[in-house]
*Asks:* 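First the structure, which I've put down as structure tokens, then a few questions once you've had a look.
Side chains are part of it too, since the values below use all heavy atoms of this structure and drop only hydrogens, waters and symmetry mates. Both ligands and their constituent atoms are indexed starting at 1 by order of listing.
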Amino acid sequence: MTSTHQPEPPAARLSSGTIHRHVVWGAAITALGGLLFGYDTGVISGALLFIGKDFHGLTSFDKELLTSILLIGALIGALAAGRIADRVGRRPTVLGTAALFVAGVMLAAFSPSYGILVGARVVIGLAVGSASMVVPLYIGEVAPPRIRGALVSFNQLAITSGILASYLVDYGLASTRNWRLMFGLAAIPAILMFAGMLFQHESPHWLIAQGREDEARKVLHRVRDEGDIDAEIAGVRELSARQSSFREVLNPTVRHVMIIGVALAVFQQITGINTIIYYAPTLLASAGLGNSAALLANVVNGAVNVLMTIVAIRLLDRTGRRPLLLGGTTGMAAGMIVVALTFLIGGSHLHGGAAYIAIAGLLIYTGSFAIGLGPVFWLLISEIYPVKIRGQAMSVATMANWGANFVVTISFLTLLSAIGNAGTFFLFAGLSIVALAYFQRQVPETKNRSLEDIERDLDLPSGAMSDAPA
Ligand code: BGC
């Protein structure tokens, strides 16, 4: 902190340990939004088994609706949250999201009718969609560049932990058949998120973009122990003065990164992750595994997802985003090929060793997603957009992600019956290879660079960012 004109220096300069704690703590609180994202998308699989005991005569369509309506809510939530986050700030958006989570899960837990439960899932969806964009946005802006990859990816760790927690809760409560508690338990992290956020500060980059530099400076003193705070303020100020509105999206250089974000979003979903996350037990049971073995395999899959995300967090700021993305996507294709070949050779009912080979393929696939495309998508969309339109641009990518998720989820079972298990997994393998080729050509390296430097690169001709040093 060697700046020459700090108008109001903070009373005491903070030690770097304290600064580190502030940043990590803020990221962890915000990432509770990711935990809720994972939990609320995962919990339905188990809850579905017991809802019928209170609401009689539910058809499979009613159940599908209950599952997928959340994704539509999320799409709308992501759209709204970007605008709100750019207008009123990141912090109030996180607070509003937490409040929406509390309202949605309480409504679900106490639903007197199926119709109200569907309404509750929409409200939860709005919160999930909003959290999915505002959490990486906020963390990305508060984190110092050196550890931004790890901190933003706390969110992905929280998502995967939320999914695993929901599997375990579903499993643990199965004997009580208490689906209301399965939904309601999510109120705890939602309340913690709200309360914790009350003690957090607004994002410094958003404050600068609003011309509130003195406030931004105070926040930066809490969260930066290196470099020149003035330079960061000047950089963000200069960049936010450049663009005036979301119409900037029409500018070709911005359009280029918009396309990269949307492509990452769509590839993250059409390579099949949620067919495994949502349907693995169904798939494994119908392939001949017993119910409890299928549920156990699912928990193992969830655990691999969490563990490999931790590996990614340790590596993202060292090896960079691109090696993990490219290596991970290759692994996804390999895993899917193993699964597809097992079904091709073993038929749709797998016996003995074949079932375990298929499970091994699934674990390779999930682990590879967790080390690459899982975290890297959310991280990159928090890094590659200009500050002035960052919230709205992230919304577009996030919406594309939820939209593609909806399409894949709703059509997966139909796809299985139309082209068979082997055909479906070969399709996902093929799409992973297409994704790999695209990432290889287009996705930039953002490791260890400030958001301002990344943004300045936007002025280079199309594709030039991909040549940035790793
Ligand atoms: C994806 C989710 C997915 C999860 C699985 C996230 O990055 O966006 O759709 O369910 O990873 O770990």
*Asks:* Residue-level breakdown please: for Thr41 versus ligand 1, do any non-hydrogen atoms fall below 4.0 Å on the side chain, on the backbone, on both, or on neither?
*Replies:*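 For Thr41, there is no contact with ligand 1 at all, from either part.
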
*Asks:* Tell me which protein heavy atom sits closest to atom 6 (C) of ligand 1, plus the residue, atom name and distance to 0.1 Å.
*Replies:* Gln156 OE1, 3.5 Å

*Asks:* What pairs meet the side-chain hydrogen bond (donor to acceptor under 3.5 Å, both in side chains) rule with one or both residues in residues 409-423, with sequence neighbours excluded?
*Replies:* Asn405-Thr409

*Asks:* Looking at the rings of Trp179 and Phe55, which for Trp means the six-membered one, are their centres under 6.0 Å apart?
*Replies:* yes

*Asks:* Can you tell me which residue and heavy atom of the protein come closest to atom 8 (O) of ligand 1, and the distance to 0.1 Å?
*Replies:* Gln268 OE1, 2.9 Å

*Asks:* Go through ligand 1 atom by atom and flag the ones less than 4.0 Å from a non-hydrogen atom of Asn401.
*Replies:* 8 (O)

*Asks:* Output, in order, the C-alpha distance, side-chain angles, deciding distance and verdict of salt bridge (Lys or Arg N to Asp or Glu O under 4.0 Å) for Arg449 and Glu383.
*Replies:* CA-CA 10 Å; Arg449 302 160 76 196; Glu383 299 182 318; over 6 Å; no

*Asks:* Sort and list the pairs that fulfil side-chain hydrogen bond (donor to acceptor under 3.5 Å, both in side chains) and have at least one residue in residues 354-368, not counting sequence neighbours.
*Replies:*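 Pairs touching residues 354-368 that pass the test: Asn301-Thr366.
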
*Asks:* Considering the heavy atoms of Thr160, write down every atom of ligand 1 situated less than 4.0 Å from one of them.
*Replies:*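 Checking each atom against Thr160, I get 12 (O).
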
*Asks:* Quick one: does Tyr278 get an N or O within less than 3.5 Å of an N or O on ligand 1?
*Replies:*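 No; every N/O pair is 3.5 Å or more apart.
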
*Asks:* Does one side chain, of Ser132 or Trp402, offer a donor that lies under 3.5 Å from an acceptor on the other?
*Replies:*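 On atom types as modelled, these side chains qualify, holding a pair under 3.5 Å.
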
*Asks:* Check each atom of ligand 1 against the heavy atoms of Trp378 and keep those under 4.0 Å away; list them by number with element.
*Replies:* 6 (C), 7 (O), 8 (O)

*Asks:* Quick one: does Asn274 get an N or O within less than 3.5 Å of an N or O on ligand 1?
*Replies:* yes

*Asks:* What atoms in ligand 1 come closer than 4.0 Å to a heavy atom of Asn305?
*Replies:* 5 (C), 12 (O)

*Asks:* Are the side chain of Tyr114 and the backbone of Asp62 linked by a donor-acceptor contact shorter than 3.5 Å?
*Replies:*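 A pair under 3.5 Å: yes.
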
*Asks:* Applying side-chain contact (heavy atoms from CB on, under 4.5 Å) between Thr97 and each of Val128, Thr30, Val134, Leu126, report the one that passes.
*Replies:* Val134

